[in-house]
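My questions will all concern the structure given below.
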Amino acid sequence: MHELIVSPFLDDYLVLRTGSPQALKIPRDKYQQLVQASTASDVSPTWLVDAARRSWNPLPDRTATNRNNGR
C-alpha cells in the first residue's frame, strides 16, 4: 500500500496519506516535478519528504514510485 498519493483534484494538486483525512495542497509546478521525478527515478524530492514528515510524522523511509499507469 502507498504511504503517499499525489493527484490532481479539480483545480488543485493534492498529496494524501492513506488513512488520513488531512491533505497537502501543492502548486502545479511541484506536481509536475513529482510526475517527472517518478518517471525518471525512485527518489522523492526533499521538499516532499520534509512536508510529509511535518504533516504525518512518522513516515517510513521509502522511495517514490509511479503508479498512474501512464496517465
Side-chain angles (χ1 to χ4, degrees):
M1 183 177 290
H2 304 293
E3 287 294 322
L4 298 177
I5 299 167
V6 180
S7 179
F9 179 75
L10 301 176
D11 292 331
D12 294 319
Y13 300 90
L14 302 177
V15 180
L16 307 159
R17 183 172 186 196
T18 304
S20 174
Q22 185 176 350
L24 299 174
K25 190 182 340 180
I26 60 174
R28 179 186 170 99
D29 64 318
K30 296 288 189 188
Y31 174 76
Q32 292 296 335
Q33 181 184 1
L34 292 174
V35 169
Q36 291 172 353
S38 67
T39 58
S41 72
D42 286 339
V43 178
S44 298
T46 303
W47 64 263
L48 176 61
V49 174
D50 292 344
R53 286 198 172 128
R54 282 192 304 272
S55 296
W56 299 294
N57 197 23
L59 280 179
D61 287 331
R62 294 196 182 175
T63 58
T65 56
N66 184 2
R67 301 283 189 229
N68 66 6
N69 297 324
R71 284 182 269 162

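Sequential numbering from 1 along the given sequence is applied to the chain's residues. As the structure is a prediction and not an experimental result, all values here were calculated from the model.
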Checklist entry - Do you know which two heavy atoms are closest between Pro27 and Tyr13, and how far apart they sit? => result C-CD1, 4.3 Å
Item to check | For the student: nearest non-hydrogen atoms of Ser55 and Leu24, plus distance | outcome: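 Smallest interatomic distance, heavy atoms only, reads OG-CD2, 3.1 Å.
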Next on the checklist: I need the Leu48 CG to Leu4 CG distance, nearest 0.5 Å.
Outcome noted: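 It is 6.0 Å, given to the nearest 0.5 Å.
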Next on the checklist: I need the Leu14 CG to Ile26 CD1 distance, nearest 0.5 Å.
Outcome noted: 8.0 Å
Next on the checklist: A side-chain contact here means heavy atoms from C-beta on lying under 4.5 Å apart; do Gln22 and Trp56 qualify?
Outcome noted: yes
Item to check | Under 3.5 Å side-chain donor-acceptor pair for Trp47 and Gln33 | outcome: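 Distance-only check passes for Trp47 and Gln33.
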